[in-house]
Amino acid sequence: MSDGLFINFEEQHSKMEKLCDKNHLEFSLLKESFPIIMTISPIWEEAAQEKLEFQNMEEPCPAKTDPEATIKFIFGEELTISTANDFLIDEALFGKIKNIAKKMHYAYLQLYFAHKKEMNQLSV
C-alpha cells in the first residue's frame with residue numbers, strides 16, 4: 001500500500017528539485033520532528049558571486065537575493081511562511097514552490113501514517 005504513496009512523495013520531491021535547479025535554488029526538508037519545515041534558498045555560491053560582482057560597480061546595485069536569504073514553509077498546526085534576509089522571487093515562481101511544498105507535505109504525511117499503521121499491524 002505505501003509503495004504508491006512513496007512514489008507520490010518521490011514525484012513531488014523530484015518536481016521541487018527540478019523547479020529549484022531551473023531557478024538556481026536549493027531546498028531542504030526537515031521532517032524528523034514537528035513542525036515539518038521546508039527551506040528554500042539561493043544556491044549560495046552563485047548568489048555570493050553575483051553580490052560580489054555588483055559591489056564593485058559604481059552605479060547603484062540592482063536588487064539581488066542575499067546569499068544567506070531563505071524562505072521557510074513551516075507546517076505546524078497551520079502553514080506559516082517565514083523569510084530571512086532579502087529573498088527576491090517573482091509571484092508565479094513563489095506560487096509554484098508553495099503548491100509543490102504543500103503537495104509534498106501532504107504526500108509525506110500520507111506515507112508517514114501508512115507506515116505507522118503497517119508497523120502497528122506487524123506488532124499485533
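Position 1 is the first residue of the sequence; numbering continues from there.
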Rounded distance [0.5 Å steps], [atom1] in [X] versus [atom2] in [Y]:
X: Phe73; Y: Ile81; atom1: CZ; atom2: CD1; result: 5.0 Å
X: Tyr108; Y: Phe6; atom1: OH; atom2: CZ; result: 11.5 Å
X: Met16; Y: Asp21; atom1: CE; atom2: CG; result: 11.5 Å
X: Glu10; Y: Leu111; atom1: CD; atom2: CG; result: 9.0 Å
X: Lys116; Y: Gln121; atom1: NZ; atom2: CD; result: 13.5 Å
X: Leu88; Y: Thr83; atom1: CG; atom2: OG1; result: 10.5 Å

Could you see if Leu30 belongs to whatever hydrophobic cluster contains Leu109? Use Ile, Leu, Val, Met, Phe, Trp, Tyr and a side-chain cutoff under 4.5 Å.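 Looking at the clustering, Leu109 is in a separate group from Leu30.
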Of all residues at least two apart in sequence or in a different chain, which pass the side chain to side chain contact (heavy atoms under 4.5 Å, CB included) check with Glu11?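 Scan of Glu11 (side chain to side chain contact (heavy atoms under 4.5 Å, CB included), adjacent residues dropped) gives Ile7, Asn8.
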Please list, chain by chain and in numerical order, all residues satisfying side chain to side chain contact (heavy atoms under 4.5 Å, CB included) with Thr39, sequence neighbours excluded.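 Side chain to side chain contact (heavy atoms under 4.5 Å, CB included) list for Thr39, sorted by chain: Ser28, Ile37, Thr70, Lys72.
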Nearest heavy-atom pair of Ser82 and Ile74: which atoms, and what distance?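 Taking Ser82 first and Ile74 second, the nearest heavy atoms are CB-CD1, 4.1 Å.
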Taking all heavy atoms of Leu25 and all of Pro42, pick out the closest pair and write down the distance.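 It is CD2-CA, 3.8 Å.
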Does Ile36 form a side chain to side chain contact (heavy atoms under 4.5 Å, CB included) with Tyr112? I'd like the steps, not just the answer. CA-CA 12 Å; Ile36 295 172; Tyr112 174 82; over 6 Å; no
Before you tell me yes or no, could you show the steps for Ser41 and Glu26 under side chain to side chain contact (heavy atoms under 4.5 Å, CB included), namely the whole-Å CA-CA distance, both residues' side-chain angles and the distance that decides it to 0.1 Å? CA-CA 6 Å; Ser41 58; Glu26 52 192 2; 3.5 Å; yes
Heavy-atom check, side chain of Glu17 versus side chain of Leu19, under 4.5 Å: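 A side-chain contact under 4.5 Å is absent here.
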Are the aromatic rings of His13 and Phe27 close, with centres under 6.0 Å apart?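 Aromatic pair counts; centres sit under 6.0 Å.
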Stepwise side chain to side chain contact (heavy atoms under 4.5 Å, CB included) test for Phe75 and Thr80: CA-CA 7 Å; Phe75 295 95; Thr80 304; over 6 Å; no
Side chain to side chain contact (heavy atoms under 4.5 Å, CB included) between Phe9 and His105: does it pass, once the steps are laid out? CA-CA 8 Å; Phe9 176 76; His105 174 252; over 6 Å; no
Please output the side-chain donor-acceptor pairs of residues 89-102 that fall under 3.5 Å, not counting sequence neighbours, one pair per line with the distance.
residue, atom, partner, partner atom, Å
Asp90, OD1, Ala92, N, 3.2
Asp90, OD1, Leu93, N, 2.7
Asn99, ND2, Gly95, O, 3.3

Taking side chain to side chain donor-acceptor pair (under 3.5 Å) as the test, write out the residues that go with Gln110, two or more places apart.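 If we apply the side chain to side chain donor-acceptor pair (under 3.5 Å) test to Gln110, skipping adjacent residues, the hits are Tyr106.
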